[in-house]
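Notes for the one structure printed next.
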Amino acid sequence: MELTGLGSFTSHVIGWAYFIAWSASFYPQAILNYRRKSVQGLSLDFIFLNVLGFLCYSIFNLAFFFSTTIQDQYRDRNDGQDNLVRSNDVFFAVHALVLSTFTLVQTFLYKRDKDQSVSSPTKVLILITVTGALIVAASAIWGSAQWIDFLYYLSYIKLGISFVKYCPQVYLNYSAQSTVGWSIHNILLDFTGGALSIAQLILDAYISGDWSGISGDIVKFGLGFLSIAFDLIFMTQHYILYRNRKDFYAPLSMVESEHQSLVVVPRSKSYQSIQDQARPTSMRDLELGH
């Protein structure tokens, strides 16, 4: 009994730790966009897919945590066991949706390249997933499926998007041979949150003696592993492959505040004029060496 109490307490501590790490990971990118007054170097495919994914994940967690109907349907399918969705899961999902939407709004307010837009494959993917969700929801309304099936469908959308959404940013970094515009602090916090998320899920399954809790919340387990895998790729790009991080798009005030003690600008020529001459018009120009 004492071990169970200690294990439960440890699970809650780990849960809120991963909530803090994963939640905090959304702020560096939004702050970076604000400071640069630009979203150049940031994949719009990633941003739009991120919002859709966290919308699905928020609905999933809210329903599993608050709906008695969904909780009863889960017990019927899992030998009377309760689902492992915790309050920190709900807070994280909703918070992530709000911050992802905020970053999406920034893409309409701040400077971006002329060819920086949502790709056709991403538009098709969004259309297919939304249409599929509507079909499953209609099936639940007509009684040919249960609402828990609709929620599982949303969770699989989130899991699939979590794999797909990072690919455009990985490719964009590769094409530009640079990680400028992509916050590494976001990645470091995301890596921490992913590891703690998996740890909590495994600990909860061990304490309850019900390892089906992992398969019952496969999206949380999968999200943790996907986050760690892609975070390792981004860290490799940032710290090993593309170490030249000169930001051609940063505004004068941001560059001067960060490099005041290192950069001396001749009086005969303003830094702004030097910056305008050196700055490429797009990330594609960076790749071509313009």
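Computed from a predicted structure; not experimentally measured. One-based numbering along the sequence shown.
- Across all non-hydrogen atoms, the minimal contact from Leu44 to Arg112 is CD1-NH1, 3.1 Å.
- A cation-pi arrangement, defined by a distance under 6.0 Å to the six-membered ring centre and an angle within 45 degrees of its axis, is present between Lys37 and Tyr34.
- When only modelled atom types and interatomic distance are considered, Asp113 and Gln40 share a side-chain donor-acceptor pair under 3.5 Å.
- The distance between the ring centers of Phe163 and Phe230 falls below 6.0 angstrom.
- At a threshold of 4.5 Å between non-hydrogen side-chain atoms, the residues Ile184 and Tyr239 count as touching.
- Side-chain atoms of Asn61 come within 3.5 Å of backbone atoms of Tyr57 as a donor-acceptor pair (strictly under, hydrogens ignored).
- Residues Tyr152 and Trp147 keep their aromatic ring centres 6.0 Å or farther apart.
- At least one donor-acceptor pair closer than 3.5 Å links the side chain of Ser43 to the backbone N or O of Phe46.
- Taking the side chain to side chain donor-acceptor pair (under 3.5 Å) definition, one finds that Thr101 meets it with nothing, sequence neighbours left out.
- Contact of the Ile70 side chain with the Asn83 side chain is not registered, since no non-hydrogen atoms from C-beta on lie closer than 4.5 Å.
- Comment: Asp45 does not engage Lys123 in a salt bridge, judged by the lack of any side-chain N to carboxylate O separation of less than 4.0 angstrom.
- A side-chain donor-acceptor contact under 3.5 Å links Gln73 to the backbone of Ile148.
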Kindly indicate, with the supporting measurements, whether the criterion side-chain contact (heavy atoms from CB on, under 4.5 Å) is fulfilled by Leu32 and His185. CA-CA 10 Å; Leu32 181 63; His185 300 97; over 6 Å; no
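- Partner of Ile59 under the side-chain contact (heavy atoms from CB on, under 4.5 Å) criterion, out of Leu97, Leu154, Val94: Leu154 alone.
- Between Gln237 and Phe234 there is a side-chain heavy-atom pair separated by less than 4.5 Å.
- Trp16 and Phe91 have tilted rings, their planes meeting at an angle from 30° to 60° on a 0 to 90° scale.
- At least one donor-acceptor pair closer than 3.5 Å links the side chain of Asp231 to the backbone N or O of Phe191.
- Annotation: side chain of Val51 is not in contact with side chain of Thr103 (no heavy-atom distance under 4.5 Å).
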Quick one: side chains of residues 134-144, donor-acceptor pairs under 3.5 Å with protein atoms, not counting sequence neighbours, listed by atom name and distance.
from   : atom 1 : to     : atom 2 : distance (Å)
Ser139 : OG     : Ile135 : O      : 3.0
Ser144 : OG     : Ser139 : O      : 3.2

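- Using a 4.5 Å cut-off on side-chain heavy atoms (C-beta onward), Phe54 and Phe92 make contact.
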Could you please spell out the steps behind the salt bridge (charged side-chain N to carboxylate O under 4.0 Å, His left out) verdict for Arg86 and Asp89? CA-CA 5 Å; Arg86 300 288 181 259; Asp89 297 319; over 6 Å; no
